[in-house]
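Remember, it's a predicted structure, so these values are computed and weren't measured experimentally.
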Amino acid sequence: MSRSSLDRRQWITQVSAAASSAMVFGTLPTVNGAEKPRDANSRLGIGAIGLRYQGSVITEKAAAHGDIVALADVDREILEKANSDFGGKSALMEDYRDLLARDDVDVVMIGTPDHWHTKMVIDACRAGKDVYCEKPLTLTIDEGKILRDVVKETGRVVQVGSWQRSDIRFRTAVEMVRQGWVGNLERVDIVLGKNKTGGPFETKPVPKTFNWDLWQGQTPDMPYIPERSHYTFRWWYEYSGGQMTDWGAHHIDIGQWGAGGLPVEIEGTAKMPSVKDGYNVAIDYHVKYKLDNGVEMTVSDEGRNGVMFTGDKGRIFVNRGTLDGAPTERKLPREDFVLYDFDNLDRPERAGKLDAIINHMGNFFDCVASRKLPVSDIESQHRSVSTCHLGNISMRLGRKLTWNAKSETFEGDDEANQHLSREQRAGYEIA
């Protein structure tokens, strides 16, 4: 079998030791021997998959809690640079399965493009590893349903990199809204920013140091275009969802957490590019959601980036540089936060990406030790990214949709339900 082809049956046989315990009261069961006794001086072994910018950021933050022992990336140049940056002592591999098979890897950092997140998290959980995975959690809604079941069955700790939940500005805004500081919440307005446009782009030979077949994974096999990979993958619908799943996995998550509801109606409008071999995510987009508690939530690409909560007694605006509004003139002590019950109050308040990730990573390792649910757990992040996907689906279909949040299907709409999953390339299926 080619190393670029994933034999699901063989892989599951090799690494699966999943238990059928259920999560109870926010505590994860102990399974797979991952919580084997350690001496007082032992440290967790960290493996990292996908090491271009964000993957290296989270791996560097994780290093405060363990030892980096193995690195995997399909781009040899990126892999070797990361190894040099982290001291040059890690085992290096192209295929992430080789990393998951190592006994010295206890926790895994995943910083790959979006279309690989779900399969890698599933494989890591079945291999008995705890996981910190970058956002957005999934490429499709149905992927999230499968992933949620696997995490529950295996009892692994999985933290999603929606680090704004560990940023004191965003957390304070959500706590104030949920505790009634703006009165009865009426609407949430979110601005994400524009999607990039571009193309047609030129097809080029695949670099000798880059495994393009493995990078593509479940997605259609396409001729190599440099703009399809690395950072700019997010402007191709095959691999991502544009700003709706990039910034949306942050801001829509905060908006939905603050609103305390799930979508039941979605109405999206957008222009869809038609440039051959060019970026193909929506432009000039706007989505209006009705949540099951009556709150209206909008998402658009124009305006001031951030999240505005509006109630009948006030407003709160929050973004990565601002927490503003009359209710915020009073202090809400961290001791009075109620939305997450495993806060470590010994950690200092942090704001801004690189600082907030310190606390987000710290929360992950706290939960690895305690077997508690992390602040960006699978259920919350599956629901948040599902809302992002719902917006993209409505925009692509160009019409209003009705969503059943309990069954996680569109009601009486076979065409829309076809968009809950995508065809997966043979050998890379998620199950």
Looking only at heavy atoms, which two atoms of [X] and [Y] are closest? And how far apart?
| X | Y | value |
| --- | --- | --- |
| Q216 | M222 | OE1-N, 2.7 Å |
| D114 | Y239 | CB-O, 3.3 Å |
| V158 | P374 | O-CG, 3.2 Å |
| E429 | K119 | O-NZ, 3.3 Å |
| S56 | L51 | OG-O, 2.6 Å |
| D130 | V157 | OD1-N, 2.9 Å |

Considering residues, nucleotides and ligands other than [X], do more than 12 of their heavy atoms fall under 6.0 Å from its [atom1]?
| X | atom1 | result |
| --- | --- | --- |
| K196 | NZ | no |
| R315 | CZ | no |
| K145 | NZ | yes |

Does the side chain of [X] reach to within under 4.5 Å of the side chain of [Y], using non-hydrogen atoms?
| X | Y | answer |
| --- | --- | --- |
| L100 | D98 | no |
| L192 | M244 | yes |
| T245 | N392 | yes |

**Request:** Go through the steps to decide whether E379 and R148 satisfy the test salt bridge (charged side-chain N to carboxylate O under 4.0 Å, His left out), and finish with yes or no.
**Result:** CA-CA 7 Å; E379 179 64 24; R148 176 176 55 197; 3.1 Å; yes

Going from [atom1] on [X] to [atom2] on [Y], what distance comes out if it is rounded to the nearest 0.5 angstrom?
| X | Y | atom1 | atom2 | answer |
| --- | --- | --- | --- | --- |
| L291 | R187 | CG | CZ | 11.5 Å |
| D221 | W212 | CG | CH2 | 8.5 Å |
| R52 | L79 | CZ | CG | 14.5 Å |
| Q424 | T219 | CD | OG1 | 10.5 Å |
| M297 | Y289 | CE | OH | 5.5 Å |
| L99 | I46 | CG | CD1 | 11.5 Å |

If we ignore angles and hydrogens, is there a donor and acceptor under 3.5 Å between the side chains of [X] and [Y]?
| X | Y | answer |
| --- | --- | --- |
| Q54 | K353 | yes |
| Q381 | D253 | yes |
| T298 | D189 | yes |
| Q218 | E238 | no |
| H251 | N305 | yes |
| E411 | N404 | yes |

**Asked** Should F364 and V160 be marked as a side chain to side chain contact (heavy atoms under 4.5 Å, CB included) after you check the CA-CA gap, both sets of side-chain angles, and the distance that decides it?
**Response** CA-CA 9 Å; F364 169 62; V160 181; over 6 Å; no

**With R347, the side-chain hydrogen bond (donor to acceptor under 3.5 Å, both in side chains) member among N359, D366, N363** =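 Answer to the side-chain hydrogen bond (donor to acceptor under 3.5 Å, both in side chains) test with R347 among N359, D366, N363: D366.
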
Check: [X] side chain, [Y] main-chain N or O, donor-acceptor pair, under 3.5 Å:
| X | Y | result |
| --- | --- | --- |
| Y285 | K194 | no |
| E175 | V338 | yes |
| R102 | G47 | no |
| T59 | G55 | yes |
| H389 | T138 | yes |
| S380 | S376 | no |
| S394 | G391 | no |
| H117 | E134 | yes |
| T387 | R383 | yes |
| R165 | V375 | yes |

**Prompt:** How would you list, by chain and number, every residue that makes a ring-ring contact (aromatic ring centres under 6.0 Å, His included) with F410, sequence neighbours excluded?
**Reply:**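 Listed in chain order: W403.
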
**Message:** Checking H230 against F210 for the ring pair (Phe, Tyr, Trp, His ring centres under 6.0 Å) test, could you report, in this order, the C-alpha distance in whole Å, the side-chain angles of both residues, the deciding distance, and whether it holds?
**Reply:** CA-CA 11 Å; H230 296 321; F210 187 38; 5.4 Å; yes

**Item:** Residue of the set R171, R334, K372 for which salt bridge (charged side-chain N to carboxylate O under 4.0 Å, His left out) holds with D343
**Value:**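 So, applying the salt bridge (charged side-chain N to carboxylate O under 4.0 Å, His left out) to D343 and each of R171, R334, K372, only R171 qualifies.
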
**Message:** Under 4.0 Å between a side-chain nitrogen and a carboxylate oxygen: does that hold for D106 and R43?
**Reply:**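 No, D106 and R43 are not salt-bridged.
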
**Request:** Answer yes or no: is there an ion pair linking R126 with D123, defined by an N-O contact shorter than 4.0 Å?
**Result:**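 Judged by the 4.0 Å cut-off on N to carboxylate O distance, R126 and D123 do not form a salt bridge.
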
**Asked** Which residue pairs pass the ring pair (Phe, Tyr, Trp, His ring centres under 6.0 Å) test with at least one member in residues 139-160, sequence neighbours excluded?
**Response**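 As it turns out, there is no ring pair (Phe, Tyr, Trp, His ring centres under 6.0 Å) pair with a partner in residues 139-160 once direct neighbours are skipped.
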
**Request:** Go through D85 and K81 one step at a time and tell me if the salt bridge (charged side-chain N to carboxylate O under 4.0 Å, His left out) criterion holds.
**Result:** CA-CA 6 Å; D85 290 343; K81 181 182 184 304; 2.9 Å; yes

**Asked** Would R76 and E80 count as a salt bridge (charged side-chain N to carboxylate O under 4.0 Å, His left out) if you check the C-alpha gap in whole Å, the side-chain angles of each, and the deciding distance to 0.1 Å?
**Response** CA-CA 6 Å; R76 187 74 187 181; E80 291 177 350; 2.9 Å; yes

**Prompt:** Within 45° of the ring axis of Y237 and under 6.0 Å from its six-membered ring centre, is that where the NZ or CZ of R422 lies?
**Reply:**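 Here R422 passes the 6.0 Å and 45° test against Y237.
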
**Request:** Dump the intermediate steps for side chain to side chain contact (heavy atoms under 4.5 Å, CB included) on V177 and W181, then the final yes or no.
**Result:** CA-CA 6 Å; V177 170; W181 288 40; over 6 Å; no

